[in-house]
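Read the numbers this way: they start at 1 and go in the same order the structure lists the ligands and their atoms. As the structure is a prediction and not an experimental result, all values here were calculated from the model. Computed from heavy atoms alone, side chains included, the values below leave out hydrogens, waters and symmetry copies.
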Amino acid sequence: MTAGAPRVGVLALQGDVREHVRMLAGLGATTALVRRPADLADLEGLVLPGGESSVIDKLARAFGMQRPVRDVIASGLPVYGTCAGLILLADRLDGAITGQETFGGLDVTVRRNAFGGQSESFEAELWVPELAAGSESAPVRAAFIRAPLVTELGGNVRALAALPDGGVVAVEQGNLLGTAFHPEVTGEWRFHERFLARVREVAASSR
Ligand code: GLN
């Protein structure tokens, strides 16, 4: 494995896989599509894309992926989930369909479709202090598409971004990062960059 080119998988069961691959590759990562348990081997990070969390959950269980993904999360692999991916990382769900499960790991409650349906999709500019260090201080242009909201945060979870009304839409807990919006859709690269920095850090410390 080359230092500096972290190997990052994108769970490719359903959702906006290509957008994440493009973003990660543009930031210098080597990417791999993850569909089967064997695809998780040798990864230094994993992205759970946006899409439809109930479908991704169903497919993950059908393909025997739920346990292996839970295992890599528990082992401390850096994981970044956007929208449906954030839902899949949540320990608790509000508005799940009957029988819907998550991988879990993030000690949060997430409310699905918190802003209504597709027609209630919107873009917002968010001020994210954590991303403002250094020269980059532009607000985040965030696309919310049938987006969830983080309604409860456990003690070890940090809110990274909130809407003007205080609703939390980006969180971090250890090596887990989740955003209710889709930076990969608006070309906002700083969350992926933050995630990759963590990936590199964890990979370097285990070498
Ligand atoms: N509402 C979707 C779900 O519950 C998430 C939407 C998205 O990822 N853009 O999975």
Engineer: Heavy atoms, side chains only, cut-off 4.5 Å: are Val47 and Glu184 in contact?
Structural biologist: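 No - every pair of side-chain heavy atoms lies 4.5 Å or more apart.
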
Engineer: Pairs in or reaching into residues 20-74: which pass ring pair (Phe, Tyr, Trp, His ring centres under 6.0 Å), with residues at least two apart or in two chains?
Structural biologist: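 Applying ring pair (Phe, Tyr, Trp, His ring centres under 6.0 Å) to every pair that reaches into residues 20-74, excluding sequence neighbours, yields His20-His192.
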
Engineer: Considering residues at least two apart in sequence or located in another chain, which fulfil the side-chain hydrogen bond (donor to acceptor under 3.5 Å, both in side chains) criterion with Glu188?
Structural biologist: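 Listed in chain order: Arg190.
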
Engineer: Are more than 12 heavy atoms from other residues, nucleotides or ligands located less than 6.0 Å from atom CZ of Arg61?
Structural biologist: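 Atom CZ in Arg61 is packed in, count exceeds 12.
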
Engineer: Go through the structure and list residues passing side-chain hydrogen bond (donor to acceptor under 3.5 Å, both in side chains) with Asp94, not counting sequence neighbours.
Structural biologist: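 Asp94 satisfies side-chain hydrogen bond (donor to acceptor under 3.5 Å, both in side chains) with Arg111 only.
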
Engineer: Are any of the side-chain heavy atoms of Asp57 and Gln66 separated by less than 4.5 Å?
Structural biologist: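 Side-chain contact under 4.5 Å: yes.
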
Engineer: Report all N/O contacts between ligand 1 and the protein shorter than 3.5 Å as a table of atom names and distances to 0.1 Å; if there are none, say 'none'.
Structural biologist:
{"unit_1": "ligand 1", "atom_1": "1 (N)", "unit_2": "Asn113", "atom_2": "OD1", "d": "2.6"}
{"unit_1": "ligand 1", "atom_1": "1 (N)", "unit_2": "Arg146", "atom_2": "O", "d": "2.9"}
{"unit_1": "ligand 1", "atom_1": "1 (N)", "unit_2": "Arg146", "atom_2": "NH1", "d": "3.4"}
{"unit_1": "ligand 1", "atom_1": "4 (O)", "unit_2": "Ser53", "atom_2": "OG", "d": "3.2"}
{"unit_1": "ligand 1", "atom_1": "4 (O)", "unit_2": "Arg112", "atom_2": "NE", "d": "2.7"}
{"unit_1": "ligand 1", "atom_1": "4 (O)", "unit_2": "Arg112", "atom_2": "NH2", "d": "2.9"}
{"unit_1": "ligand 1", "atom_1": "8 (O)", "unit_2": "Gly51", "atom_2": "N", "d": "2.9"}
{"unit_1": "ligand 1", "atom_1": "8 (O)", "unit_2": "Gly51", "atom_2": "O", "d": "3.0"}
{"unit_1": "ligand 1", "atom_1": "8 (O)", "unit_2": "Ala84", "atom_2": "N", "d": "3.0"}
{"unit_1": "ligand 1", "atom_1": "9 (N)", "unit_2": "Ile145", "atom_2": "O", "d": "2.9"}
{"unit_1": "ligand 1", "atom_1": "9 (N)", "unit_2": "His182", "atom_2": "NE2", "d": "2.8"}
{"unit_1": "ligand 1", "atom_1": "10 (O)", "unit_2": "Ser53", "atom_2": "N", "d": "2.4"}
{"unit_1": "ligand 1", "atom_1": "10 (O)", "unit_2": "Ser53", "atom_2": "OG", "d": "2.8"}

